[in-house]
Amino acid sequence: MKELEYPFDSEYVLKKKKSLKRELLARENVTYLEKKVAVLGGCTTQNITLMLELFLLNYGIKPVFYESEYNKYYEDGMFPNPELEAFHPDIIYLCTCNRNITEYPNMADSRETVDGLLKKEYDKYCGLWDHIRDTYHCIMIQNNFEYPFFRLMGNKDASDYHGRVNFITRLNCLFYEYAQEHQDLLICDINYLSASYGLEKWSDPYYWHMYKYATAVPAIPYLSFNIANIIKSVYGKNKKVLNLDLDNTLWGGIVGDDGAETIEIGQEAALAQTYSEFQEYIKLHKQLGVLLTINSKNDEKNALAGLTRPDSVLHAEDFAKIKANWDPKSMNLSATAAELNLLPESFVFVDDNPAERAIIESQHPGTAVPAMESVETYIKTLDKAGYFEVTSLSADDLKRTEMYAENAKREQAQAAFTNYEEYLQSLEMKGEIQGFIPMYMSRIAQLTNKSNQFNLTTKRYSQAEIEEVAADEKHVTLYGKLGDKFGDNGVVSVVIGRIDGADQDELHMELWIMSCRVLKRDMEFAMMDELVEKARKAGIRKLVGYYYPTAKNAMVKDFYGLLGFTKVSEDEEGNAVWEYVIPTEYEKKQHVIAVNEALD
Amino acid sequence: MTREEAFERVINVFREVLDDDSIVLTDETVADDVDGWDSFEHINLIVAIEEEFGFKFPMGKIVTMKNVGEMIDIILVSGK
């Protein structure tokens, strides 16, 4: 919904919250992910929660809230709390502010005394986080502290250890160190947010004294939007691809008319510099694993000429796909999505032309279409929208562009074979398939949240839940890693089964997912082979598979049939149950991947 | 801005924020007379009125305001 995308009108969102919520819930064909969010506040949180609900609904997440009483965040989180325990939060958001700091340094304090105060304040939070982890096993989102709205010593407040600015800065750094060591604690950076909004307006004491809001009410939508971005990132709803126009987007001017030598790029003029800075910003996204693609109305040779200029920051090899032609951009976007095995809703379409944007908006409703208005605001427009909010960065993310380049090489290799099995043999694939191990817990959790297409049950797991399942003897788990002569794809498949049945000889498949980047490589059969072996060792006689249809997973509707399961029931919505009785003589289903050889 | 105009704009704000088109206000109206006008929505009403009229209520005035009529009085002095 446009009203809830950056740059939203915060006053409008506040005023219209009731009707906006009604409109959101009236949308058709939206499948919501339901999540339980406990908001534990050191200030009033009512509006924060209501705004958060709107932004989350807009991201396809339906929150149920638990809200602490005013300034009861510590008591609620730290002490026995049957109500919160029964609530089973997926996320606990600790909404604190500098008004909650117990004791600031006194001008006469020694360095040791101030260090002691700092430690005392930090230990309070540290103890709270540790306790929440042990009790609730959920994700924590913790505000850092905004700067104080007055500076007793003026500038020295920042550099002198007696200063509140200094104290808060040090406290924030301690929070960050904890967050670096604990993946389940995510910092909500209100220090940056308040600076960006304007600290004076953000910390307007009027709202604190009148209503005990630490954040000025008109700023609350920005805060809630920020929290929603963190949450949607945790649940795999980030965008994955930048789909970029060229003329007047990545450079100034029209390359087809003006020629590559006269477009605005490089360091020679103000406008050219601004486009260069934008190209640099775009290029940085490769480090996050965001794929760059081009969608331009141009002859391909002109497009490439622009990218070949030595002073261009971006070059052809930075892009996973380049579409420079005269087809409608909506078609190019669909084709690019299909080639990358991604959905159009994973795309951010970046184009200075409002007419092109309007077409994408109508053809691809899930695609993000930011209003790119003037080149000096391009970075701000993309950056503040939070499309690529990072909550965990796996080794995979860091080398994603490389992996797609390897895929291109595989496609070329395939062309040399007429027989597909021969091609698969030629890849010299090596698989590693075994029960979950600590090294991959974060990637496994990430995959359960990101996979939409090859996903039988669309069940999402947090890392804590993955660790629980791995340790539970009533569950059989498998992760699959696949590499070949072109490169390593990392962990690409995850299977989880629960042992059940009167004789404990049935394995109910709670999850079966695979990354689409390894489709048609027989990896799913390799997983089945290992699953059968592992199940048999656990005394399992029968596998029970479930397929729950969503808007995105039609490709695996008959997956269990393909593996030799028999459908035993199917309801009107298409929810199906399949069964497979493990035969005494099980014949391996795939012969092209060497599985677990490196391990033996 | 006449008193009537101010009233009309205030009523519209109330209707939008409380999402209720049947709301009617008079000089004597107080929070108890209007469904949904609780302490929480009071904050949102004040913020929305400040936005509508482009000014901020001084804290001292907000805490002493007795009814809608007194609110309109302040708006007529400070609002745009």
Side-chain angles (χ1 to χ4, degrees), chain A residues 3 8-26 39 41 43-54 57 65 67-71 95 149 197-198 200-224, chain B residues 5-25 29-32 34-68 70-75 77-80:
Chain A
E3 291 90 330
F8 45 80
D9 174 347
S10 96
E11 262 105 11
Y12 179 85
V13 175
L14 276 168
K15 193 161 66 182
K16 291 285 202 177
K17 60 183 183 300
K18 291 189 177 170
S19 57
L20 284 172
K21 181 175 168 183
R22 231 184 8 246
E23 282 174 49
L24 282 163
L25 291 173
V39 178
C43 55
T44 310
T45 54
Q46 234 170 339
N47 259 327
I48 298 173
T49 308
L50 282 170
M51 292 296 114
L52 180 58
E53 181 177 33
L54 296 184
L57 285 172
F65 288 109
E67 239 177 315
S68 72
E69 293 297 317
Y70 160 70
N71 200 12
C95 185
F149 73 97
Y197 184 82
E200 247 173 70
K201 284 198 229 150
W202 178 282
S203 293
D204 189 340
Y206 165 92
Y207 295 98
W208 177 258
H209 296 298
M210 285 297 297
Y211 318 116
K212 292 291 175 284
Y213 273 117
T215 305
V217 171
I220 285 176
Y222 296 95
L223 172 60
S224 298
Chain B
E5 284 163 0
F7 243 106
E8 198 177 317
R9 286 163 70 189
V10 167
I11 289 174
N12 279 336
V13 169
F14 269 72
R15 289 178 175 177
E16 277 189 306
V17 171
L18 301 179
D19 201 28
D20 178 355
D21 285 340
S22 69
I23 290 175
V24 182
L25 304 173
T29 306
V30 294
D32 282 349
V34 179
D35 273 353
W37 185 358
D38 53 19
S39 62
F40 165 62
E41 288 298 354
H42 183 74
I43 307 166
N44 296 314
L45 286 167
I46 295 290
V47 170
I49 287 166
E50 288 178 340
E51 140 88 352
E52 169 70 26
F53 292 95
F55 79 108
K56 278 192 76 177
F57 286 103
M59 240 175 95
K61 292 269 171 63
I62 288 207
V63 292
T64 54
M65 228 156 41
K66 283 194 202 60
N67 53 31
V68 171
E70 290 190 14
M71 182 191 278
I72 300 282
D73 293 341
I74 301 169
I75 290 172
V77 176
S78 313
K80 287 190 254 317

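Protein chains get the first letters and strands the later ones, always in sequence-line order, with residue 1 at the start of each.
Across every non-hydrogen atom of Val63(B) and Met210(A), the tightest pair is CG1-SD, 4.0 Å. Closest approach of Phe57(B) to Tyr206(A), counting heavy atoms only: O-CE1, 3.6 Å.
Contacts of Ile46(B) with chain A are made by side-chain atoms alone, with heavy-atom separations under 4.5 Å and no backbone atom involved. In this structure, no portion of Leu20(A) lies under 4.5 Å from any heavy atom of chain B. Only the side chain of Glu51(B) comes within contact range of chain A, with at least one heavy atom under 4.5 Å from a heavy atom of that chain. Contacts between Tyr207(A) and chain B at a heavy-atom distance below 4.5 Å involve the side chain alone, from C-beta outward.
The distance from atom CG of Asp19(B) to atom NZ of Lys21(A), rounded to the nearest 0.5 Å, is 11.0 Å. How far CD1 of Ile62(B) is from NE2 of His209(A): 13.5 Å, rounded to the nearest 0.5 Å. Annotation: the span from Glu50(B) atom CD to Glu11(A) atom CD amounts to 9.5 Å, rounded to 0.5 Å.
Between chain A and the options Val47(B), Ile43(B), Asn44(B), Val13(B), the largest number of non-hydrogen pairs under 4.5 Å is found for Ile43(B).
Within a 6.0 Å sphere centred on NZ of Lys61(B), other residues, nucleotides and ligands contribute 12 heavy atoms or fewer. Atom CD of Glu69(A) has 12 or fewer neighbouring heavy atoms from other residues, nucleotides or ligands inside a 6.0 Å radius. Residue Glu3(A) places its CD atom among more than 12 non-hydrogen atoms of other residues, nucleotides or ligands, all under 6.0 Å distant.
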